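This one's a predicted model, so the numbers in the text were calculated from it and none came from an experiment.
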Amino acid sequence: LIESHDGNILYTRGKYYWYGQIMNTDSPEIEAVGVSVYSSNDLLNWTEEQPIVYGGRLHIIERPHVIYNATTSKYVMWGHNVISYPNSRAFVAYGDNPTGPFTISSTTYNPNGEGLNDMNLFKDADGKAYVLYSNGINTKFFISLLTDDYLDTTETFLNPANHNGREAPAMFI
């Protein structure tokens, strides 16, 4: 049984790592209580690792995505913290290993001042990384370049206003 909702798979150090939300269906229901990670050598057989972030009621983390920063030698996680939905904010953490532990950098980062909802990360071949996201109510869509350490944003390249229904962004080349 794999519990890994809305996450991503990262290949690093000769292994695959699958990150996702830990869901809670106990009453009272909390949509996501942390971030799980599983490892695999072959994409068929998976081993559950220790949860890398446990948010509980303080941080409801959705869509956790992890990328590796070769410059800082850190694994960087972005997700959205929906504790204040619909004005959700970015959750940013980093660690030395793909299985953690991860140190929380921010639980309330708000790029562009409009909230951060459905999101994804993209790392280009040149090492530059981007966060793709909709605002807190999914009416606007943004692509922002990350800083060299991947813990913050610099400039926004795409900001088409009033495009309703933007969810689950993904970039491909």
(request) Starting from the C-alpha separation in whole Å, work towards a yes-or-no answer on side chain to side chain donor-acceptor pair (under 3.5 Å) for Y150 and T71. (result) CA-CA 10 Å; Y150 299 173; T71 302; over 6 Å; no

(request) Determine, step by step, whether R89 and L116 satisfy the side-chain contact (heavy atoms from CB on, under 4.5 Å) criterion, reporting the C-alpha distance in whole Å, the side-chain angles of both residues, the deciding distance to 0.1 Å, and the verdict. (result) CA-CA 5 Å; R89 303 288 188 257; L116 182 139; 5.8 Å; no

(request) Run the numbers on S105 and F91 for side-chain contact (heavy atoms from CB on, under 4.5 Å), then give the verdict. (result) CA-CA 8 Å; S105 175; F91 180 95; over 6 Å; no

(request) Kindly indicate, with the supporting measurements, whether the criterion side chain to side chain donor-acceptor pair (under 3.5 Å) is fulfilled by S40 and W46. (result) CA-CA 5 Å; S40 173; W46 292 92; 4.5 Å; no

(request) Could you walk me through whether L121 and Y130 pass the side-chain contact (heavy atoms from CB on, under 4.5 Å) test, one step at a time? (result) CA-CA 6 Å; L121 292 177; Y130 303 83; over 6 Å; no

(request) Carefully, step by step, assess S39 and E49 under the rule side chain to side chain donor-acceptor pair (under 3.5 Å). (result) CA-CA 7 Å; S39 62; E49 306 287 346; 2.6 Å; yes

(request) Using the side-chain contact (heavy atoms from CB on, under 4.5 Å) rule, take Y38 and S4 through it: C-alpha gap first, then chi angles, then the decisive distance, then the call. (result) CA-CA 8 Å; Y38 297 82; S4 188; 4.2 Å; yes

(request) Decide side chain to side chain donor-acceptor pair (under 3.5 Å) for T99 and N97; before the verdict, give the C-alpha distance in whole Å, the side-chain angles of both, and the deciding distance to 0.1 Å. (result) CA-CA 5 Å; T99 57; N97 296 297; 5.8 Å; no

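The shortest non-hydrogen separation linking M119 to G79 is SD-CA, 3.8 Å. The two residues A129 and I67 come nearest to each other via the heavy atoms CB-CD1, 3.6 Å. Considering all non-hydrogen atoms of both residues, F141 and I143 come closest at CE2-CG1, 3.7 Å. Of all the heavy atoms in Q50 and V37, the pair that sits closest is O-CG1, 3.5 Å. Across all their heavy atoms, D152 and D149 have their closest contact at N-OD1, 4.2 Å. In plain terms, the two heavy atoms of A93 and I104 that are nearest each other are CB-CA, 4.0 Å.
In the hydrophobic cluster analysis, where Ile, Leu, Val, Met, Phe, Trp and Tyr join through side-chain heavy atoms closer than 4.5 angstrom, I2 is grouped together with I9. Under a hydrophobic-cluster definition in which Ile, Leu, Val, Met, Phe, Trp and Tyr are linked whenever side-chain heavy atoms come within less than 4.5 Å, directly or via other members, L151 and F142 are assigned to the same cluster.
Interatomic distance, E3 CD to I22 CD1, rounded to the nearest 0.5 Å: 6.5 Å. Note that NZ of K15 is 10.5 Å distant from CG of D42, once rounded to the nearest 0.5 Å. For the atom pair NE2 (H65) and NZ (K123), the distance works out to 15.0 Å, reported to the nearest 0.5 Å. Considering CG of L145 and OG1 of T154, their distance stands at 3.5 Å, rounded to 0.5 Å.
Scanning for side chain to side chain contact (heavy atoms under 4.5 Å, CB included) contacts around D148 gives an empty result, with sequence neighbours left out. Partners of T153 under the side chain to side chain contact (heavy atoms under 4.5 Å, CB included) rule, at least two apart in sequence or in another chain, are W78, Y109, P111, V131, S144, L146.
At least one donor-acceptor pair under 3.5 Å links the side chain of N110 to the backbone N or O of G115. K140 places no side-chain N or O within donor-acceptor distance of the main-chain N or O of S134, the cut-off being under 3.5 Å. In this structure, the side chain of N69 engages the main chain of T72 through a donor-acceptor pair within 3.5 Å.
Aromatic ring pairs are classed by plane angle as parallel below 30°, tilted from 30° to 60° and perpendicular above 60°; the pair Y19 and F102 is perpendicular.
H80 is listed as a side-chain neighbour of D118, based on a closest heavy-atom distance under 4.5 Å. By the 4.5 Å heavy-atom criterion applied to side chains, V76 and V66 are not counted as neighbours. By the 4.5 Å heavy-atom criterion applied to side chains, Y16 and L10 are not counted as neighbours.
Taking the charged nitrogens against the carboxylate oxygens, K74 and D96 do have a contact shorter than 4.0 Å, which makes a salt bridge.
Between the side chains of N8 and R63, no donor N or O sits under 3.5 Å from an acceptor N or O. Using a 3.5 Å distance cut-off with no hydrogens or angles, the side chains of Y75 and T12 do pair a donor with an acceptor.
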